[in-house]
Every structure is written in structure tokens, then in C-alpha cells.
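Note on naming: letters A, B, ... go to the chains in the order of the sequence lines (proteins, then strands), and numbering restarts at 1 for each one. Side-chain atoms are counted along with the backbone in the values below, which use heavy atoms only and exclude waters and symmetry mates.
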Amino acid sequence: MKQPIPFLVAVIASVCSFPGSSQEPPRVSSYTFSAIEARRIGPARMSGRIAAIDAVAKDDRIVYVGTASGGVWKSLNAGITFFPVFDKQVMSIGAITIDQRHPDTIYVGTGEPWTRNSVSVGKGLYRTTSGGDDWEFLGLEKTERIARILIHPLDSQILYVAALGHLWNANPERGVYRSKDGGKTWKKILYIDENTGCSGLIILPDQPEVLYAGMWDFRRQPWSFRSGGKGSGLYKSVDGGDTWTKVTGLGLPGGTWGRIALDVSPVKPDRIYALIESEKTALYRSDDRGKSWKMMNNSTAVSERPFYFSNIFADPVDTNRVYKPGLMFGASKDGGKTFDRGNLMSMGGGGVHSDLHALWVSPANNRFMYLGTDGGVYVSNDRGKSWRMVHNLPVSQFYHVAVDNRNPYWVYGGLQDNGSWMGPSQAPGGVSNADWKNIGGGDGFYAFPDPDDPDVIYSQSQGGEISRIYTRTYEMKDIKPFADEQTGTLRFNWNTPFLFGPSGTLFIGSQYLYRSRDKGDSWDRISPDLTTNDPKKLQQDKSGGVTKDNTSAENHCTIYAIGESPLDRNLIWVGTDDGNLQVTRDGGKHWENVVANIRDLPDHTWCSSVTPSRFGKATAYVTFDGHRTGDNTPYLFVTKDYGKTWTSLHDEALDGYCHKIIEDLQEPDLLFLGTESGLYLSVNGGKEWARFTGKFPKVPVRDMVIQPRENDLVVATHGRGILIIDDITPLRFLTPNILDEDMAFLPSRPYVLRNQGYTQEFAGNDGFTGPNPPEAAMLTYYLKKRHIFGDMHIEVYDQNGKKIKELPAGKRKGINRVQMGIRLKPPRVPTSKTLSFAGFYGPLMPPGEYRVKIVKKDQVLEGSFTLMDDPELPYSAEDRSLQRKTLMKAYNMLEDLAYLDRQVTDVIKAVTALNKQKLPHGLRKKLNSLNTEMNDIHGKLVATKAEGMFTSEEQLREKIAAVYGGVVNFLGRPTHSQIQRLDVLAKEMNDYQVRYENIYEKQITNINTLLKKRKRPLIQPVSREEFDKEKDNT
Amino acid sequence: MKKIFVLFSVVFLSVSFLQAQTVDEILAKYFKASGTERLAKKKTIVMKGNMSQMDMKLPMVIKVKHPNKFRMEMEIQGQEMVTAFDGEHGWMIAPWISQDPQDLAGEQLEQAKEQADMEGELYHYKDKGHKATYMGKEEMEGSEVYKIKLDKKNGDVQYYYIDTDVNLPVKVTTISKQGGNEVKVDSYMSNYKTIDGVTIPMSMENKVEGTGQTQQIEIESILFGQDLPDSIFLKPVK
């Protein structure tokens, strides 16, 4: 921007002096390391929780899916493939409404409205007018959750939003909002009080001045949930929302109401449905636009968990059809009187996951439906009798993650609503749905391998139901501790801490800490009640509000976090959900509650994680999470004196309440933090934080772990599955000194040479496969400024100082990660009409240390990297050496063959050119004879008859290439057959070389003499030197 | 710097410093910095270089003739693959598949057409039937850029990220909507070099979203004004 400022600034700066105007040291920001990208491995097999769906009426293949905390996904092909369109905005989705008259205009209201204990938060309303390419923010930021968005049927500028409001505290930003100017300004048109939001909203399509709103009085607390209160009620407006009246009587229930769902039949708007939670929750229907109501059904088909399954959908074509997605799918053909729920014995009738939250029926063909459940999206074309599952939405919600030490390592974790799973960090062909294995049901939390026995895994389901699993048989052993006279009833959190400490001790926390030294067969209680044991917070049997709802989700006054010090097995930290932070230094004989020593932390704030340091016994990191009482402040602290004093690590850059903090394995100042809005890292012990953005959306991060052998950061996201950041080694070297340099080389882990395994499968487009790490060594370096002008490239040298590769450099500001392929140049092969596999595939570079030069104009930055053989492969050094030797023999044979053939074809070309000229008969005869011989040889060196891909002609090239291909694909000892074959082929090739040389000496030299006399161009095939130079130049 | 800006913002307002940039103003700066007007006057351009993907490096020659002819030759195992656009039809020959030329369609045809446009899609975008919108300034990978959205006539969408310091694009994102799915490709430009008054990126990195695949294009030499007969762009008769 070449405007007046610089000049004025210079003038002013010379006149005034500003204190502290010296240059600040460069600060690590997100852009410093945004080139380091996360790799997503899913899983998508069980998918995740869906909150909202809308599709384009004119073309029902175009569908938008709003997930509970994994963003908005779009499909153009009825769900065969999906892609995310909302990753830069907000992950938790409440409502999606497409303007059906302009289907590229879509409104997204954020914040999940199905308010279970684990819900995330929204940040208002967004709109796109480009089908999801770009979005604009329209406001309503503080509403936290949006249940519905309506567009006036005749005027797209008039919008209505049903805002639920905050779940965990009172706030005024809730109720019904209206905009009359396309979202520029908003007016709150229906507001009851700061506890009541709008859960249902309809507008009559043929009488749009009439609206109905279902208002919901609700609150969740850490220990209970209330659905219903005096604020709940049904309201009606007849003037487009300017004024409202409460609807009572007329056939509607009395007493206190809870949550309300509304729908109107699009084809017959006289018919309105209201699903009303009350003491006797029921479905009500009006056939006169709400003047009178009739109770249609109050069975479990409509009354289960009314706060969670508050949904009713009128069919867009058949006015007698109405659908109730709830625990299962319910369909009525008689206007709501009776509901067919399929096979009640199979929970999830029709093969879909239970807990249904979204439904869309195509107005063009009401057999076609999209369904959103707590286990993904399903598609039906027979009105919901049968379903096809969408297999490519990797929106699983992990609570925790663990890894083992296999090669490649496996990842373990539990999911909200979807049990516990394990999957490989990489697999031949990528990590597909089929690679993930189920290791537990219910809602999963902690899942991890046994440290000693590779056939044993541990997992749990909600409320402390822990198991040991034997993977050979998948038999599960219940290993939970039981109450005794001294303990009274054991209280387990929804997300019970259950883990091995570094010492190999197994822990589980109820309100007491239990320790097992025999993998859970027996337990010792090693603490008193470490919680506040506040009786006011122990009334879960009363929880639910209007409808009792107690699923252990509200269990409170329990231990939530456990951390055993890696430096001392007797030093154990415990954090509780009611805000205690207890530490023992003698294995549980004595405990001290140190939470009062933390200043700037409100009382009874839920402790979300405790991480004792591996670098200092007295050091520990803790995070606290107050969102369940409306406090979204990121709380994170460190102590260096066993909890006597604490330092806050809060930074303005942080957003979202905190879940977990971990240290790096080697660098004490390198920390990682997971919050409700993403992943952060610090390179200076937590003083400053920067968000990790490389292919990492703002998805909640609940847990993470560093795999010690690979130095991968494996992240459990709550909404996008497992994200792996391969090799965080370079981050350990991000010091302030480095940041000040123009260029600095950063070390990476050694690259293990292995062949990627081969699999053949043609599974269509509809699965999800996460990528493997690239088959490349990563060259990582730091640039202070982006490189735009002039040359910049990278040179790689082997141990003998020979340059073996030149590749383009990464040019961005901050860290660059350049993928360097770990194969040598492929062998040249004789040219023919077909391609040879061998010509694309060079041998792996031999193991060892290589030097790197990054050349930027006249600056040269030096570094190195290491390639190593895979220690897991059972091949001896001898085997590997023979493999390389054999491979290079085949390699050189192909190169020699390529040269031989090149000479031959050069001769043929020269002869062809000469034959176009006028020549004496004798000479022409000689040329033709030469040509025939050369073509004969050429036809034996390489397949020439083939046209296109379908050929099996085998000449010398194909034969050698076949052996080359066999040997290059296997890193161990080649077969005797392969070695002998090469000898045979070498002899054959030698025969042709001799034949060619004879012809050259006898015929070509002679012809050249004749040509020289006539001053014609000579036949001069390329020399070997020049031929090799051609290769070097690529 | 921030302190100064806040104190004197009133002064700057009157100097119309805060006047919003229009898309055409920004494009004008870009055309000036890159010498696009000069490029528009060149009759032909011949670029030699190579394309690499991991360990595969293929020599490549690109020939472009004004106003809309394009031909790319790539050498694979000694064989020449040709992709071309003659102003009306796109075609390609992959000798290992067939010696006969194949017609280009869909995304491939659109790409060939775009390659034939030497000055780029932003130059005279209105005449080409595209719509350009200035989306504001953004911070991209630590540098400030102008973000320009191009809604192309064929339905594809492109985002151009033009460095505000040097007024040259450092990244272009293309969202192709020709197939059943949206395909997103990020292209990064660097190693800018000025030849004959035209500033061209000699290095390009293309990343296809979701695959982790990266393709590098390095240009070694550029020649303007060479004689290129029309015949080399025409689809060969069988």
C-alpha cells in the first residue's frame, strides 16, 4: 500500500519518540508452522453425531449436513462423496436452511441444539450465496445455539431465527429474532426471560403472517439437567412476528411444559403438529391452523427423551404421513395416531444408529430421505424402511487417545455414542474404514493397549464400566471395582478416568482413587473421598426436569483426571469435576487439596486435566474448564513446587475452554494444548501460544499423546476423528534465535526406508480413506520471509559428495516442509509404444546420512537428513546388501540396454533421413540392408508390435524389467531364480551388443566413408557420455 | 506502528487513505508489476522446463500462440505425450494408450483452454465472461495478500492471493465444478523472474486437496516471439 503513511510516519517518528519502540523479538505465530499439516485417519466407519440436514428441493442430490462438532459437509451426489464447506467458521452446527428459490444461498445457525452433556458451542449465524465457497457472518453471536432458521416464503429478505440461548447459564440473547433486511440488522421479537429460548418455529407457507413458536425453559448444570419450566409455552403471532400471544387450552396439555417441536404440513397448512414435553409428553395435531388441538399419540414412540428427540416432520407430499425420528425411526400414515417403528427388538429399527436428530424428505419424491443420527447420515429410497449408510463423514467425537509401539503404531480411543475403536496410523493403500476395529460399545472414553501383552486391550463405556479385552477372541472381562461398607455407593463420572500410569500401575477414579497392580483383577483404594461430596450435587435421580432423565451423564462429585508422575510412582495428582485438585507424594497415604493456591480460578471449577512433568518432580500442568457454569475462560496453570504456588499460562491468543495440556517428550519448553476451539502450541513453556492451523480446523481437541518412537503428535478431536501431526521433531528447535535467522535448517526424524504395501480394491467413491505419511523424507527449514523473486532450490548430496538430486524448495514464511522422494532416478529404458513400470520406479536410496544444500539466490543453507533401514523387517544385512546389488545389476542392465537401443534407433533415424535424399543405388542398397538389421535388433530389444495397453509381447526390455520390478518391490533377499535370470539376460544382451558393434565396425564405418565422400551427413549415434549427460540434465 | 495509526487516523481519513480498493485497481497494480500488457503484445511464448511429482521428473515444453493456442509436450520414457488446444478443440496423444489423438473434455478441456490464455484469466476478465470480486485483505501464511474471487464463465471458481508488497500472485486456488464432485487445487507461485519486461513465476507447486499429492513445475527457459506455425496446434488427422 504505497500511500502517505510511511512518509508521515517517518516525519512523526522523527519528531516524537515512542518508548518501547525497539523491535520486538519475532513471536511464534500460527503462520510460523502452518506448513506442518495434520493428517486425518478417520474413522468414518461409524461416522459421528449429526445435528441438522437440508437439501435442495429442485435437485435432491445436493445436500448439506450439519454435524454436532465437525462442521458442515456438502454432497453433490446424494451422499456418495462429501466435502467440508465450513471449516474456517464454526464446528458446532445447529440449523441449516437453504433458500429454495436461490439454492446457492444457505443459512447456517451454529451451536448444537441437542443439549446433551457433551455439546459444543456455536457463535451465531452465517450465510453463503455461493453454495458454500464463501461465508459472511450475520450476527447473533451470543446465542450459543440456534435451533431453526426460517425464510419468509415470499420475501427472502425476511428471516426468522429460533435461538435456544446458553445451555449452562442465563443470558438474554435467546428467543425469536427477525431480520427484514436480509440479515443486516436483527430484532428480538419474542423473548420470555433469560432462561427460555425458542426450540420450535414455523411459518404458514400460504399465510406467512402467521407464526408459531415453541419456547423452552431449560438449564444444564454440571450435576443435573432441567428441561422445562414456567417459561416454556406455545406462542402465536398473526402479524409476522410483531406481536405474540401465548396459546393455552384448546386441547393442549396443562401443567409445566418442557421442550416443544413444531411442524406444518407443506401441502395442507391447516395441519400443524406440536410435540410437547409435559408431564405426559405427547404429539398434538391441529387441523384448523391452531385454533384447536387434539392429542394424537403419547406412547414411547413420541415421548422418549423429549429434550433430545424433539423433532416432528410432516411429509412434504402426503398430508397423512408424519415422521418422528427419536430413539429410532418412527413413521405414521395416519397423521400421527400410530407410529410404525420397525423391528423394536433391533434397537435402531432398519439398521440405523439409534438417536435420530435430523430428517429431510424430498418434495419431488417422498420415498427419498436423508436421516441424521448420532452415528452418521443414512439415505433411504423407500420412505425409511431401509437405509444406506454414508461412509465418508469422518466426524467421530473422540474423548481420549492412546497409542501402542507396534510398527506402524496403532491408535486407540473412545467415541461419544460410538463405542471404542482402534486403527492403524498407516496401512497399505491408506487408512480405510475397514482398517478400524471395534473394541467396545456404548459411549467410549479411555481405550488403550496393555503395556506388556499385545493381545490385550482395555476400554470402557459410560459411568465407569471398564473391561479388559482379549483380541484373539474378543471376549470382554468386566474388571470394575465394587463398593464396600466403607465406600458407600461409588460415583463414576460419565467420562471416568481409567488409565495406566508410567509405572505400569492401572488407575480408576470414582470419588476415590483406585490402584491395581494386576491389571484390574483386584483394586486397592488409595485415597479418601477426594471430592467435595456435596449432597446438593448428588441428586441425579431427580435430574431431567419435566421428564426424568438419568443416564450417568450428570454424575458429579467424581474424579475426572489422574496423573502419575513419570519420575516417582508415589507422586500422583488427581483433579475432580467439582473443582478439587489433590496431590499425594506417598502413594496415597496422605493427600493435599491444593486448588485454593490457584489464584484467578473461581471455586468449584471443573478440573479437566493434570499432567505431572517428566522434567521436574515438583512441576505439574493443569487445566480447568468452567463452561458448565457459563465460564468459557481458558484456564491453564503450572506449578513448580508441588502445588504450593501456581502461574497462569493464559494468553490472549487462546480461545475455548481447556481440555488437556501435554509436554513434549524431549523439549521442556514445548507444550501442546487442546481447547474447545482447537489445538495450540507453545515453544516457551506456555508464556505464549499459537494456534495450529495446518489442515486443522477449529474442532474441539479433547486429548493428545506423542508416540515416542515416531515423534508423531496424535490428537483426539471431538468431531473430526484422529488427526496425526507426523514428526514434531522440527518444533523442538524453534527457539527465539532460530526465529531471528533469515534461514535455518531444522532436524527431522530419520526416515525409515520401506516399500508401501500393495493392495487391490475398487471400492467405489463412497468410502473414507485417510492418507499415509508421504513416501518421502521431510526436509524442514525455516524462512524469515516468503521467497518470491529469483531462484531457490534444494540440492541433495550422498556420502561421497556426489549430487544426486535437485528439487524445488518450499518458499513460504516460517517453517517449510519439502517432501524429498527417497528413490534414485529410475533407470532409462528403451523407448517403445508401451510404458515400462521399471522406468518410473527407481531403487530406494541407500541408508545413511545425506547432506542438503538449500540455495536461495546467493545464500546457501546446509543441513542433513538420515535414511535408515526398517529395523522391524526380518532381513539380515547380508540379505539387504544382496538385494541392492541385484537391483543395481538389473538397473544398469536396463541403462545399458537403453543405450544400445538408442544407438540402434539413432542409426535407423539417420538411415531414414538419408533415404529421403538422392543416393547412388549401391549406397542405398547398403543403407537398406543396414536398416533391416537394425530394425531386427531393435525388435529383439524391446516390444514393438504392441498397440496401446493390451499387449503381452516380451522382448529383452520387458524381460529385464520384469526381474527389476520383482527385486525392487522386495527389500529382502532376491530369489535364486531372479539372480540366475539376470545372468541369462545379461548374456543375451551382450550378444546383441557384440552384434551391433560388429555391424558398426564392418558396415557403418564403411557407409560413413562413402557418405563423407559425397559430403552427406554421417551416421553418428550418440556417445555413451552424451547419453549419460542427457540423464543428468533432468 | 499501530499506535501511530490510531492517533492519526483522522488525518488519514481526510487523505482518503481508507478508501476501499476496487478489484480493478488491484488488478491494475498486478498487471503493472507482472508486465502483463507487454506479455499481451507477444505473439508467442515457448517455455522449457520439467514437471515433477516425488521421484518422477519429466521434461516438458509449452508453446503458446496468441490469442488462444496451446501445446504441451512431455517426455515419458522417451515417448512424447502431447496435449493441445487449437482455439476450438482440445486434444491429446498418449502414445502408450494410442497413436490416435483423443479429444479433451470436461475438466481437462477447461484446463487446456486456460493454459492457452497467456495473460491469465484475470486479464480482461469481463470480456471473457468472468466475474471478479475483491474479497478484502487477508493474512496468508504470514504475508498480507489481496484476495480476489473469480467466478468463471464455466462455473469454476478461482481465488487469487496477490501479495500486497510486490503485487504478484503467490497462490491461486481453483475449485473445479465440472465433475460430480468439487475438486480443489492450490497452486503456489515463486521464483519470479523478469524476462523482456515480463515478470513470470519460474516455479509452481500444485497441490490437489485431499490427496496429499504435490506436483512441481520448474521453468528453465522462456523465449518470446519464436515462429510457431498454426499447424502444430491442430489435431492431427488419423
For this session: Take Gln77(B) and Arg828(A), measure what side chain to side chain contact (heavy atoms under 4.5 Å, CB included) needs, and give me the verdict at the end.
Result: CA-CA 7 Å; Gln77(B) 286 186 14; Arg828(A) 279 168 299 178; over 6 Å; no
For this session: Give the intermediate values and the outcome of side-chain hydrogen bond (donor to acceptor under 3.5 Å, both in side chains) for residues Tyr159(B) and Asp133(A).
Result: CA-CA 10 Å; Tyr159(B) 294 95; Asp133(A) 291 337; 4.6 Å; no
Problem set entry | side chain to side chain contact (heavy atoms under 4.5 Å, CB included) between Glu141(B) and Arg812(A), intermediate numbers included | CA-CA 7 Å; Glu141(B) 296 167 14; Arg812(A) 61 202 286 175; 3.1 Å; yes
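For Val208(B), the side chain to side chain contact (heavy atoms under 4.5 Å, CB included) criterion is met by Val183(B), Val185(B), Thr211(B), not counting sequence neighbours.
When each of Lys149(B), Lys193(B), Lys184(B) is scored by its heavy-atom pairs under 4.5 Å with chain A, the top score falls to Lys149(B). Top candidate by heavy-atom pairs under 4.5 Å with chain B, chosen from Asp134(A), Thr32(A), Val829(A), is Asp134(A). Per-residue heavy-atom pair counts under 4.5 Å with chain A were compared for Gly142(B), Ser143(B), Gly78(B), and the maximum is reached by Gly142(B). Residue with the most contacts toward chain B among Pro808(A), Gly821(A), Gly842(A): Pro808(A) (heavy-atom pairs, distance under 4.5 Å).
If you take NZ on Lys57(B) and CD on Glu806(A), they are separated by 6.0 Å, rounding to the nearest 0.5 Å. Taken from CD in Glu209(B) to CZ in Phe83(A), the straight-line distance is 10.5 Å, to the nearest 0.5 Å.
Only the side chain of Met56(B) comes within less than 4.5 Å of a heavy atom in chain A; its backbone stays farther off. Contact of Lys805(A) with chain B is made through the side chain alone, with heavy-atom distances under 4.5 Å. Interface remark: Ile217(B) contributes no atoms to any contact with chain A (heavy atom separation under 4.5 Å). With a 4.5 Å cut-off on non-hydrogen atoms, Thr199(B) touches chain A through its side chain but not through its backbone. Of the two parts of Asp163(B), only the side chain, counted from C-beta on, holds a non-hydrogen atom closer than 4.5 Å to a non-hydrogen atom of chain A. With a 4.5 Å cut-off on non-hydrogen atoms, Ser836(A) touches chain B through its backbone and its side chain both. For a residue to count as touching a neighbouring chain, one of its non-hydrogen atoms must lie under 4.5 Å from one of that chain's; by this rule Lys785(A) does not touch chain B.
Ser203(B) and Lys811(A) share a side-chain donor-acceptor pair at under 3.5 Å.
Atom NZ of Lys856(A) sits in a crowded spot, with more than 12 heavy atoms from other residues, nucleotides or ligands closer than 6.0 Å. Within 6.0 Å of NZ in Lys32(B) there are 12 or fewer heavy atoms belonging to other residues, nucleotides or ligands. Residue Asp24(B) places its CG atom among more than 12 non-hydrogen atoms of other residues, nucleotides or ligands, all under 6.0 Å distant. By the neighbour-count criterion of 12 heavy atoms within 6.0 Å, atom CD of Gln215(B) is densely surrounded, having more than that number from other residues, nucleotides or ligands.
Within residues 786-793 of chain A, the residues having any heavy atom closer than 4.5 Å to a heavy atom of chain B are Arg786(A), His787(A), Ile788(A), Phe789(A), Gly790(A), Asp791(A), Met792(A), listed by residue number.
Paired with Thr831(A) under the rule side-chain contact (heavy atoms from CB on, under 4.5 Å), one option of Glu75(B), Gln79(B), Glu80(B) passes, and it is Gln79(B).
A donor-acceptor contact shorter than 3.5 Å is absent between the side chain of Gln216(B) and the backbone of Leu807(A).
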